[in-house]
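Okay, structure first, notes after.
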Amino acid sequence: MILGKRWRPFTASGAPTGRHARHATTTSRCPRRLAVAVQASATGDRKQRVVFLGTPDVAAGVLQQLLTASQQPGARFEVSMVVSQPGKPRGRGNRAVAQPSPVEALARDSGLLAPGAILCPARAKEASFLAALAELQPDLAVTAAYGNMLPQAFLDSPRLGTLNVHPSLLPQYRGAAPVQRALEDGVKETGVSVAYTVLACDAGPVLAQQRVAVDPDIQAPELLTQLFGLGTQLLLDRLPDVWAGRGQQLAVPQDERQVLHAAKLGREESMLDFARDSAEVAHNRVRGFAGWPGTSARFEVTDEASGASEVIEVKILRTRLPSQPRGGGGGGGAVVFEGDAMLVPCAGGGVLEVLQVQPPTKKAMATKDWKNGLRGKRLALPAAQQQQQAVAAA
């Protein structure tokens, strides 16, 4: 179970105090804050116009929460425009057809937006897109896993700024893969931030944060869904401050000394090396890379009757660490099956328990089911990995 708790310095509401109070006294000297105050009086009783930008499944979850909240009695905002990356072609050859992103599909299926209010520019700097945004005169933009850089011309358009739901405790894990890299690093705690967007990647002031304890077996897709859900609720909780023009006064600048970047994942990172990686490192890579790019490993399969052997590549889908320290599997690089797990020897003498695999040309299956298909055959690490483990142990 994932447990969360509020981080008080970033979720305080009401009148600003301390250094925030000092910021509040300078509003008259800040043209943008003064403009916000003047424009706010012009909105009257109309609902605040929100532009949402996102692309994948987790972003569709954020959009759904916003649409639901906007339809509640007394809601002060409406989702007036939805922006997504263009759909990607699926199929082969001439039959390939562009499929809408999850966000675009949800926006169209919701029935709450006119077709012209759902935009999919290839780049956010396109003149026609920026013109449509300017014509709308949005009050606020909200982004979640959009995937395109936003130019200054975009950031200048919403009168109350642009808020991003980012699944990390900023300034830690700025960048394209915050949850994946955090799990790869084996963190025990992470969280989600709602931060203002500036030109520098994920570097804007933080309006709200929530800390989350990380379950040792949770995988990236599960944690992403959890954090974006929590982040959207954080955003909704702070919207009254945003509508009142207090959001940017209450937001806290990030400490640049604590910045940690989360680089984009690459397919070349997906291969596990049990001669190099400890069981804990391998387990964390499986968790972090679940979904995409995934993780794979090579094993040598030997027919016990003929002695013939071949090396196969198997996708490793789910793993766990032993509840009690245990060594070396079957010895000599042998891979053995015990209960519901396949025990793989790793660097440092530990063992990784593999629970789910996808063998070549097969569907995903529990390792105990794969064992049934390996009758009469032995499984071991490839000879090269065995030699590396022997050298390391010497």
Side-chain angles (χ1 to χ4, degrees), residues 92 183-184 216-222 265-394:
R92 295 185 178 181
L183 289 179
E184 182 187 15
D217 293 320
I218 197 169
Q219 296 192 330
E222 303 156 1
L265 300 178
R267 194 176 296 277
E268 69 279 1
E269 300 179 77
S270 64
M271 185 60 63
L272 299 175
D273 185 343
F274 298 116
R276 176 197 64 201
D277 298 335
S278 68
E280 182 176 7
V281 167
H283 176 59
N284 289 335
R285 287 169 65 85
V286 172
R287 298 164 61 213
F289 297 171
W292 196 91
T295 47
S296 299
R298 296 187 177 97
F299 299 97
E300 185 172 343
V301 181
T302 302
D303 187 285
E304 293 180 331
S306 66
S309 64
E310 64 173 338
V311 175
I312 63 173
E313 188 172 305
V314 178
K315 292 182 179 180
I316 307 298
L317 304 180
R318 191 168 290 274
T319 58
R320 72 179 173 217
L321 295 173
S323 56
Q324 298 293 331
R326 60 194 307 169
V335 176
V336 299
F337 293 86
E338 184 177 297
D340 63 346
M342 180 175 77
L343 309 184
V344 181
C346 297
V351 168
L352 180 67
E353 297 185 0
V354 179
L355 305 177
Q356 189 179 33
V357 297
Q358 185 175 353
T361 73
K362 304 290 185 181
K363 295 181 179 180
M365 62 181 70
T367 51
K368 61 182 180 180
D369 296 326
W370 188 36
K371 173 187 176 182
N372 295 332
L374 290 172
R375 288 177 180 172
K377 297 178 181 180
R378 297 193 308 272
L379 202 62
L381 298 182
Q385 290 192 30
Q386 293 186 41
Q387 292 172 2
Q388 291 175 358
Q389 285 188 346
V391 169

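Along the sequence shown, residues carry numbers from 1.
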Heavy-atom closest pair, residues Ala334 and Pro345: O-CD, 3.6 Å

Thr367: partners by side chain to side chain donor-acceptor pair (under 3.5 Å), with sequence neighbours left out: none

Note: Cys346 and Ser278 closest approach over all heavy atoms is CB-C, 3.9 Å

With sequence neighbours excluded, tell me which residues meet side chain to side chain contact (heavy atoms under 4.5 Å, CB included) with Ala220. Val179, Gln180, Leu183

Could you pull out all residues at least two apart from Pro216 that satisfy side chain to side chain contact (heavy atoms under 4.5 Å, CB included)? none

Can you tell me how far apart CG (Asp217) and OG1 (Thr319) are? Round to the nearest 0.5 Å. 7.5 Å

So Ile218 and Arg287, do their side chains get closer than 4.5 Å, heavy atoms only? yes

Ile316 side chain reached by Ser296 side chain, heavy atoms, under 4.5 Å: no

Quick one: closest heavy-atom pair of Ser270 and Gly294, and the distance? CB-O, 3.0 Å

Taking every non-hydrogen atom, the tightest pair across Leu352 and Ala279: CD1-O, 3.7 Å

To the nearest 0.5 Å, tell me how far Leu379 CG sits from Thr302 OG1. 8.5 Å

Report, as yes or no, whether the 6.0 Å neighbourhood of atom CD on Glu269 holds more than 12 heavy atoms from other residues, nucleotides or ligands. yes

Can you tell me how far apart NE2 (His283) and CG (Asp277) are? Round to the nearest 0.5 Å. 13.5 Å

With Asp340, which residues qualify under side chain to side chain donor-acceptor pair (under 3.5 Å), at least two apart? Arg320

Compare all side-chain heavy atoms of Glu310 with those of Asp303 and state whether any distance is below 4.5 angstrom. no

With a 4.5 Å limit on heavy-atom distance, are the side chains of Ile312 and Pro359 in contact? no

So salt bridge (Lys or Arg N to Asp or Glu O under 4.0 Å) across residues 368-383, not counting sequence neighbours, yields none

Could you measure the distance from the CZ atom of Arg285 to the OG1 atom of Thr295? Nearest 0.5 Å is fine. 8.0 Å

Is there a side-chain contact between Val286 and Leu272 (heavy atoms, below 4.5 Å)? yes

Given the rule in the side chain to side chain contact (heavy atoms under 4.5 Å, CB included) test, do Leu381 and Glu300 qualify, once you have shown the distances and angles that lead to the verdict? CA-CA 6 Å; Leu381 298 182; Glu300 185 172 343; over 6 Å; no

Could you check whether any side-chain heavy atom of Leu343 comes within less than 4.5 Å of a side-chain heavy atom of Glu353, counting everything from C-beta outward? yes

Side chains of Ser309 and Val301 in contact at under 4.5 Å (non-hydrogen atoms): no

Output yes when a side-chain donor or acceptor of Gln358 lies under 3.5 Å from a complementary backbone atom of Lys362, and no otherwise. yes

Who passes salt bridge (charged side-chain N to carboxylate O under 4.0 Å, His left out) against Arg298, sequence neighbours left out? Glu313

